[in-house]
Amino acid sequence: MARTSKKKQNSINVAENKRPSKIYSVGIYARLSVDANERKNESIETQIEIAKAFIGRQNDMVIFDCYTDIGKTGTNFEREGFERMMRDVRSRKIDCIIVKDLSRFGRNHIETGNYIEKIFPFMGVRFIAVTDNFDSMNISGQNETLGVNLKNLVNEMYARDIAVKVKSSRQEKWEQGSYTGGIAPYGYRAEWIGDKKCLFIEETTSDIVKKIFELFLSGKNMKEIVVWLYEEKIVRPMEYHKTGHIYCQDGDKLQQWSRGTVKMILTNPVYIGCLVQGRTCGKDYMMRSKHDIASEDWSVKEHTHEAIISEDLFFQAAGKFEKSSVYCNKNGYSKKMPIDEDIYADVLYCGDCGAKMRRISAIKTFSSKDRIRTYSYNCSKVDRIDDERCETKSITLSTLNELVKTAIRQEFSLSAMCPKDLIESNNNEANRLKEEWQEALLELERKIENMSRLTSEQYLKYRMGEMDADSFKRTKEENNKKITAIQRKRAEITEKLRTIDYDTVQKNHFLRTLVKGNEKSELTAEVVRTLIHRIEVYQDHRVKVIFCFKRNDVILAIKEVM
């Protein structure tokens with residue numbers, strides 16, 4: 001056998017040395033912020049190209065997929081693209097994440113640091129920020145870690161500054177009477193006059209608004225107004241804003257208005273020339289979830305634009321709503337007999353069309369003159385008059401309760417679940433919830449303390465002549481509003497903490513008695529939400545109960561025994 005020359009043998013050894021010991025499956029992550037002033041080179045395409053160019057210079061990486069979030073803030077990680085990427089990480093589909101820079105990954109320095117320093121190393125994931133020259137596999141020491149933390153802190157401070165500027169700008173526009181919403185209310189169009197966004201009447205749609213008020217004040221109810229709109233082939237506001245067509249065009253599918261949309265028009269003060277803005281808030285720094293603002297803190301400006309409806313007609317309509325509310329609550333139920341909690345509100349659906357089932361209440365009077373309230377459910381689309389109308393189907397609450405209890409009992413019997421396991425899991429879940437709410441309370445206390453300290457600092461500036469009286473008064477009022485909102489949230493959490501133990505005891509009692517076969521055990525909303533993901537009711541009298549085996553500790557315990 002011929003010998004291999006030394007020159008050829010050396011070339012083989014070099015090639016073997018260059019061959020990577022591990023090939024990384026890479027997920028590229030790109031995010032475009034909600035900040036409208038973002039630089040052009042931050043676009044999604046640019047971020048992905050920078051990452052791909054980096055990968056092209058490596059010999060140990062292959063791209064698995066690209067994950068993007070457009071118009072998402074970096075101050076939290078509740079983003080669709082990011083969550084999809086993390087699912088692939090947990091499925092071991094990717095073991096390397098590449099971003100353009102740290103700010104694209106996140107602007108919350110605590111959460112970002114937690115992912116880079118704890119979560120990714122634990123899951124065996126390599127993390128690379130290209131333009132920041134950061135590679136978690138090549139951290140040289142404490143100084144580099146400190147540098148990354150400083151960059152994350154700077155990114156968070158930038159996000160905080162942007163949030164403050166956006167909110168201040170919006171409040172300034174409210175003071176000027178500028179419309180800051182997106183799409184103009186039905187009946188109006190929005191136009192910019194200089195730096196102010198103004199509302200102007202649209203001729204045809206405003207006539208429809210007037211007709212809706214006229215029909216309502218003449219005695220027509222919501223359903224009758226919806227029927228009139230459908231017969232006139234008037235498209236819903238949603239479709240109108242998309243297509244610009246007021247009436248249904250030949251060949252298009254006509255969908256009926258909802259009663260809620262009609263009521264929203266009848267109760268919106270925009271139609272008397274009044275702007276009510278700031279009803280909800282989701283733009284506060286580190287408080288991105290949308291939440292309601294107390295009515296006394298709304299921004300209300302009168303006579304900001306031309307009215308479609310006179311104040312007299314508007315308040316006549318409001319009077320009718322107020323009169324009906326004396327005897328009925330917002331769902332139309334009599335206040336003389338309070339209604340019970342709807343324990344199936346979030347899980348009961350029509351199996352044929354997929355719509356939520358609607359609860360119907362009726363009062364039954366006995367010969368003894370005793371009265372009780374009875375409940376049944378039907379499909380919410382059974383009353384529709386368009387093509388989405390569903391077939392009639394109904395099920396009483398008592399029948400549904402018995403079916404659900406039977407299904408739960410059978411599931412426990414098949415899984416050999418012990419009451420002890422259920423109770424232990426419920427208690428663990430309750431303790432976890434209490435810890436979360438207690439941490440939230442501590443965070444709210446810190447915010448209140450910070451706001452109080454800020455007010456004191458501003459008062460010192462005022463006393464030292466660094467702030468004028470009007471500015472101090474305005475900032476103090478804003479701080480007090482924020483403190484009031486935080487205190488309201490604190491009271492809600494305190495109430496939730498108070499009820500956790502009671503709800504857990506009730507749930508444990510129900511599960512214990514149900515597994516033992518006690519027919520008198522009562523279902524609660526807490527039990528239904530814990531065990532059941534979805535219930536589907538079909539026209540052929542079938543009821544399908546879908547258990548949520550991966551939702552929480554109770555269900556995980558069931559799965560383990562199975």
Side-chain angles (χ1 to χ4, degrees), residues 178-193 197-277 279 304-321 324 332 350 352-356 358 378-392:
S178 178
Y179 177 69
T180 59
I183 299 174
Y186 190 76
Y188 288 100
R189 69 179 189 278
E191 293 183 7
W192 286 96
I193 305 297
K197 195 175 184 181
C198 302
L199 296 179
F200 295 94
I201 291 179
E202 280 190 333
E203 185 175 348
T204 307
T205 53
S206 62
D207 289 340
I208 294 171
V209 171
K210 292 176 183 176
K211 185 64 177 179
I212 290 174
F213 273 89
E214 179 187 329
L215 291 171
F216 182 68
L217 293 174
S218 68
K220 301 292 184 183
N221 59 32
M222 300 295 169
K223 183 177 180 181
E224 291 172 323
I225 296 175
V226 167
V227 171
W228 177 83
L229 290 164
Y230 188 79
E231 290 175 345
E232 294 295 320
K233 295 187 176 181
I234 300 172
V235 302
R236 300 182 301 177
M238 183 187 304
E239 278 76 30
Y240 163 68
H241 290 306
K242 286 181 181 178
T243 64
H245 297 148
I246 299 173
Y247 298 94
C248 186
Q249 305 294 299
D250 292 339
D252 291 344
K253 182 180 179 180
L254 178 62
Q255 292 182 311
Q256 74 178 69
W257 288 46
S258 70
R259 301 182 194 185
T261 302
V262 174
K263 184 174 182 180
M264 183 174 63
I265 287 177
L266 290 168
T267 56
N268 193 342
V270 73
Y271 296 112
I272 58 173
C274 181
L275 277 183
V276 180
Q277 304 184 106
R279 300 188 189 195
T304 58
H305 53 274
E306 187 178 354
I308 294 177
I309 302 298
S310 69
E311 292 187 8
D312 182 49
L313 291 178
F314 183 82
F315 288 115
Q316 282 185 44
K320 289 190 65 175
F321 283 115
S324 63
C350 172
D352 296 312
C353 71
K356 276 192 173 184
R358 177 178 57 197
N378 65 13
C379 178
S380 58
K381 290 188 175 182
V382 72
D383 292 330
R384 293 186 69 93
I385 53 179
D386 58 6
D387 294 339
E388 293 187 14
R389 185 180 185 277
C390 188
E391 295 297 326
T392 302

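Sequential numbering from 1 along the given sequence is applied to the chain's residues. As the structure is a computational prediction, the values presented were derived from the model and not from experiment.
Between Phe200 and Ile193 there is a side-chain heavy-atom pair separated by less than 4.5 Å. Taking the side chain as every heavy atom from C-beta outward, Ile212 and Trp257 approach each other to under 4.5 Å. Counting only heavy atoms from C-beta outward, the side chains of Tyr230 and Val227 never approach each other to under 4.5 Å. In this structure, the side chains of Tyr247 and Val235 stay at 4.5 Å or more apart for every pair of heavy atoms. Within the 4.5 Å cutoff, no side-chain heavy atoms of Cys198 are placed close to those of Trp192. For the pair Ile308/Ile272, no side-chain contact is recorded, criterion being any heavy-atom separation below 4.5 Å from C-beta on. The shortest side-chain heavy-atom distance between Pro185 and Tyr271 falls under the 4.5 Å cut-off. Using a 4.5 Å cut-off on side-chain heavy atoms (C-beta onward), Arg259 and Val226 make contact.
Pairs of residues two or more places apart, or lying in two chains, that qualify as salt bridge (charged side-chain N to carboxylate O under 4.0 Å, His left out) and include a residue from residues 223-236 are Arg236-Glu239.
In plain terms, the two heavy atoms of Ile201 and Ala307 that are nearest each other are CD1-O, 3.6 Å. In this structure, Leu217 and Ala317 approach most closely via the heavy-atom pair CD2-N, 3.6 Å. Here the closest non-hydrogen pair linking Val209 and Gly187 is CG2-CA, 4.3 Å.
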Pair Ile225, Lys211 - check side chain to side chain contact (heavy atoms under 4.5 Å, CB included), show working. CA-CA 9 Å; Ile225 296 175; Lys211 185 64 177 179; over 6 Å; no

Could you walk me through whether Lys381 and Cys353 pass the side chain to side chain contact (heavy atoms under 4.5 Å, CB included) check? CA-CA 8 Å; Lys381 290 188 175 182; Cys353 71; 4.1 Å; yes

Determine whether Glu191 and Lys197 satisfy the following criterion, side chain to side chain contact (heavy atoms under 4.5 Å, CB included), listing intermediate values before the conclusion. CA-CA 6 Å; Glu191 293 183 7; Lys197 195 175 184 181; over 6 Å; no

Does the side chain to side chain contact (heavy atoms under 4.5 Å, CB included) test come out yes or no for Ile234 and Ile208, once each step is laid out? CA-CA 9 Å; Ile234 300 172; Ile208 294 171; 3.8 Å; yes

Can His305 and Tyr188 be said to form a ring pair (Phe, Tyr, Trp, His ring centres under 6.0 Å), step by step? CA-CA 10 Å; His305 53 274; Tyr188 288 100; 5.0 Å; yes

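Looking at residues two or more places apart in sequence or on another chain, you find a side chain to side chain donor-acceptor pair (under 3.5 Å) between Ser258 and Thr261.
Looking at Ser380, its side chain never comes within 3.5 Å of a backbone N or O of Arg358 through a donor-acceptor pair.
In this structure, Phe213 and Phe314 have tilted ring planes: the angle between them lies in the 30° to 60° band.
Atom CD of Glu203 has 12 or fewer heavy atoms from other residues, nucleotides or ligands within 6.0 Å. In this structure, Lys220 places its NZ atom where only 12 or fewer heavy-atom neighbours from other residues, nucleotides or ligands lie under 6.0 Å away.
Checked by atom type, the side-chain pair Glu202/Tyr240 shows a donor-acceptor distance below 3.5 Å.
Taken to the nearest 0.5 Å, the CD1 atom of Ile183 stands 9.0 Å off from the CE atom of Met238.
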